[in-house]
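Worksheet: the structure to be examined is printed underneath.
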Amino acid sequence: MSRISLVLRHPQLKALYSFWVAQCEGDQLPMAEDIEPADLRPWIGNMVVMDVIPDEDDEDADAYTYAYYSSGFASTFGDKAGRSLDDLPEEQRALIKAEYDHVRRDRIPTSRVYTAEFPEGRQTWERLVLPFFDPEGEVVKLLVAAYRLDT
């Protein structure tokens, strides 16, 4: 795996990215099956895990399901565990699906900073999307973590 370096602002995302990079020893891909839930404890409150459901006929039609949705996010955004990305509003779904498709297709992490209106007012967040692989080298899970920047 080529070495990429993301520029991240939030210290928790920097630490999570460092954890992911450490899983890439040599040319090793970070395997979903090798990650212990306890290893993710520092980020568990600000994280979701997406299952990648491939479409054998059309890779652009791959689907994503929330395998884990943190209780912190659930209290703010509503619980999405077990639900499909397709359940989101169209504009939000299109943006997130494009981001997930990019990570899955290119097999590299991505991050972004965004500002949006929330019930509590305008907020800026940083999010990180990390791919995890199966033994055949396919992306089977995406770990997504997000932290508010303007506290």
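- By the side chain to side chain donor-acceptor pair (under 3.5 Å) test, Y68 is found to be paired with no residue, residues two or more places apart in sequence or in another chain being considered.
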Which pairs would a plain distance check flag for residues 108-117, meaning a side-chain donor or acceptor within less than 3.5 Å of a matching protein atom at least two apart in sequence or in another chain?
{"from": "R112", "atom 1": "NE", "to": "E99", "atom 2": "OE2", "distance (Å)": "2.7"}
{"from": "T115", "atom 1": "OG1", "to": "T124", "atom 2": "OG1", "distance (Å)": "2.8"}
{"from": "E117", "atom 1": "OE2", "to": "R122", "atom 2": "NH1", "distance (Å)": "2.9"}

Determine, step by step, whether L95 and Q92 satisfy the side-chain contact (heavy atoms from CB on, under 4.5 Å) criterion, reporting the C-alpha distance in whole Å, the side-chain angles of both residues, the deciding distance to 0.1 Å, and the verdict.
-> CA-CA 5 Å; L95 175 69; Q92 184 182 19; 6.0 Å; no

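- Y64 and Y100 have perpendicular rings, their planes meeting at more than 60° on a 0 to 90° scale where under 30° would count as parallel.
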Yes or no on side-chain contact (heavy atoms from CB on, under 4.5 Å) for L16 and L143, after CA distance, side-chain angles and deciding distance?
-> CA-CA 10 Å; L16 178 57; L143 190 152; 3.6 Å; yes

Side-chain donor-acceptor pairs under 3.5 Å in residues 80-89, sequence neighbours left out?
{"from": "K80", "atom 1": "NZ", "to": "F77", "atom 2": "O", "distance (Å)": "3.0"}
{"from": "R83", "atom 1": "NE", "to": "D87", "atom 2": "OD2", "distance (Å)": "3.4"}
{"from": "S84", "atom 1": "OG", "to": "D86", "atom 2": "N", "distance (Å)": "2.9"}

What pairs of donor and acceptor atoms, side-chain ones from residues 33-52 against any protein atom, are under 3.5 angstrom apart with sequence neighbours left out?
{"from": "D39", "atom 1": "OD2", "to": "E36", "atom 2": "N", "distance (Å)": "3.4"}
{"from": "W43", "atom 1": "NE1", "to": "Q12", "atom 2": "O", "distance (Å)": "2.9"}
{"from": "N46", "atom 1": "ND2", "to": "A146", "atom 2": "O", "distance (Å)": "3.0"}
{"from": "D51", "atom 1": "OD1", "to": "K141", "atom 2": "NZ", "distance (Å)": "2.3"}

Show me the donor-acceptor pairs, under 3.5 Å and distance only, between side chains in residues 132-140 and residues at least two apart or in other chains.
{"from": "D134", "atom 1": "OD1", "to": "E136", "atom 2": "N", "distance (Å)": "3.0"}
{"from": "D134", "atom 1": "OD1", "to": "G137", "atom 2": "N", "distance (Å)": "3.0"}
{"from": "D134", "atom 1": "OD1", "to": "E138", "atom 2": "N", "distance (Å)": "2.9"}

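- When all heavy atoms are compared, the tightest approach of P131 to P30 is O-CG, 3.9 Å.
- Taking CD of E126 as the start and CZ of R148 as the end, the distance is 14.5 Å to the nearest 0.5 Å.
- E120 meets the side chain to side chain donor-acceptor pair (under 3.5 Å) test with Q123; sequence neighbours excluded.
- Relative orientation of the Y66 and Y69 rings is perpendicular, given thresholds of 30° and 60° on the angle between their planes.
- Checked against side chain to side chain contact (heavy atoms under 4.5 Å, CB included), E90 has the following partners two or more places apart in sequence or in another chain: R93, A94.
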